[in-house]
Number of protein chains: 2
Amino acid sequence: MEITVDIESATPMFSQLVMQIKQAVQHGKVAPGDPLPSIRQLANDLEMNNKTVAKAYRLLERDSVIQTKGYRGTFIHPDAMANCTVDLNAWVTKQLRETIATFRKAGVTDSEIRIAFADVLNQPQGG
Amino acid sequence: MEITVDIESATPMFSQLVMQIKQAVQHGKVAPGDPLPSIRQLANDLEMNNKTVAKAYRLLERDSVIQTKGYRGTFIHPDAMANCTVDLNAWVTKQLRETIATFRKAGVTDSEIRIAFADVLNQPQGG
DNA sequence: ATATGTACCGTATGTCCTAATGGTACAACT
DNA sequence: AGTTGTACCATTAGGACATACGGTACATAT
């Protein structure tokens, strides 16, 4: 699996990693159970920070596209193929689009929406 | 109706105006049909910019707490009493709270929620 | 020892938004 | 002429945030 990152690109590096790994899964270039390079290894190869790679891996694991097994390394998730077609962000965007449309129709200012949004998001959790 | 503004306060000046005028309505200090000082007049009295007062008036009119009649001036709305108890912002906050709670339960990062939110809000309109 | 993922501290840069300011101008009316 | 609300141009200061970086440390395994 070849991974490249374009520093000049407008899309964040961690995002490029996520997309490329998902594509590799979808194109069958990697199979469930296949090992991925370690965070430090990949960061070293691509000449980027560990944290950036770790962030990409964290997101991929949340989406159940990869599986980290602690000291044993990281592997492609058994259901990777199915899970990487599920776009969580697209779903979030769709939901927000509907919600915000309702607000706007009610005459709520974008500024007010932003403020309310910030208030809610900055609450301890569970909100 | 006495209106004061605290420049030092953390709450924006336009917001202070909105709250004070709503309170004056609720406390019966002003009645429907009563005239409000003109935007320029109030801005001059409180030593603040026209735009800031205009912003407060605009929000108050959207909430049907006041009524602007163009060159004739601005007046307390007939249904001001009822309308100023309707808190549009509280409704927005409640809706957002529920929506965001759903996202979080699905494992969506706050950061991702913010990005999706910004994307949706920064679209031409109607979205 | 070496490697794994992970967690914490922090810094720097750039972007976006808010709030508030200033000036100019308009149509409509007194 | 003067006033009304409103619209456009603009700037300033401040905050919040994303991205990416650096260093250090941990338990767990080989």
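These numbers come from the heavy atoms of this one structure, side chains and all, not from hydrogens, waters or symmetry mates. Each chain gets a letter, A, B and so on, in the order the sequences are listed, and its residues count up from 1.
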Tell me, please, the opening and closing nucleotides of DNA chain D, 5' to 3', among those with an atom under 4.0 angstrom from a non-hydrogen atom of chain B.
D/dT4 to D/dT19
Map B/Glu112 and B/Gln41 onto DNA chain D by nearest heavy atom, then report which one ends up closer to the 5' terminus.
B/Gln41
Is the shortest side-chain heavy-atom distance between B/His77 and B/Cys84 below 4.5 Å?
no
If the test is side-chain contact (heavy atoms from CB on, under 4.5 Å), which one of A/Ile100, A/Thr93, A/Thr99 qualifies with A/Arg97?
A/Thr93
Between B/Val5 and B/Glu47, does a side-chain contact (heavy atoms from CB on, under 4.5 Å) hold up when you go through it step by step?
CA-CA 10 Å; B/Val5 163; B/Glu47 290 177 331; over 6 Å; no
Ring pair (Phe, Tyr, Trp, His ring centres under 6.0 Å) filter on B/Phe103, not counting sequence neighbours, yields A/Trp91
Reading nucleotides 19-24 of chain C 5' to 3', which nucleotides get B (base under 4.0 Å from a protein heavy atom), which S (sugar-phosphate only), which -?
SSBBB-
With sequence neighbours left out, write down each residue that passes salt bridge (charged side-chain N to carboxylate O under 4.0 Å, His left out) with B/Lys94, or none if nothing qualifies.
B/Glu98
Taken to the nearest whole Å, CG/A/Leu60 to C1'/C/dG5 is 14 Å
Between B/Thr109 (side chain) and B/Glu112 (backbone), is there a donor-acceptor pair under 3.5 Å?
no
Sidechain-backbone polar pair: A/Gln16 side chain, A/Asp6 backbone, donor-acceptor under 3.5 Å:
yes
Steps toward side-chain contact (heavy atoms from CB on, under 4.5 Å) verdict (A/Leu46, A/Leu17):
CA-CA 10 Å; A/Leu46 300 178; A/Leu17 288 186; 3.7 Å; yes
In residues 65-73 of chain B, which residues come under 4.0 Å of DNA chain D by heavy atom?
B/Thr68, B/Gly70, B/Tyr71, B/Gly73
Rounded to whole angstroms, how far apart are CG on A/Asp110 and P on C/dC16?
16 Å
Whole angstroms only, please: what is the CD-P distance between A/Glu8 and C/dG14?
14 Å
Taking a hydrophobic cluster as the set of Ile, Leu, Val, Met, Phe, Trp and Tyr residues connected by side-chain heavy atoms closer than 4.5 Å, whether directly or through intermediates, do B/Val18 and B/Ile7 fall within one such cluster?
yes
Got a list of side-chain donor-acceptor pairs under 3.5 Å for residues 20-27 of chain A, not counting sequence neighbours?
from: A/Gln20; atom 1: OE1; to: A/Thr4; atom 2: N; distance (Å): 3.1
from: A/Gln20; atom 1: NE2; to: A/Thr4; atom 2: O; distance (Å): 2.4
from: A/Lys22; atom 1: NZ; to: A/Asp63; atom 2: OD2; distance (Å): 3.2
from: A/His27; atom 1: ND1; to: A/Gln23; atom 2: O; distance (Å): 3.2

Regarding A/Glu61, tell me which of base, sugar-phosphate or nothing describes its non-hydrogen contacts under 4.0 Å with the strands shown.
sugar-phosphate
Are side-chain heavy atoms of B/Phe117 and A/Leu121 found at a separation under 4.5 Å?
no
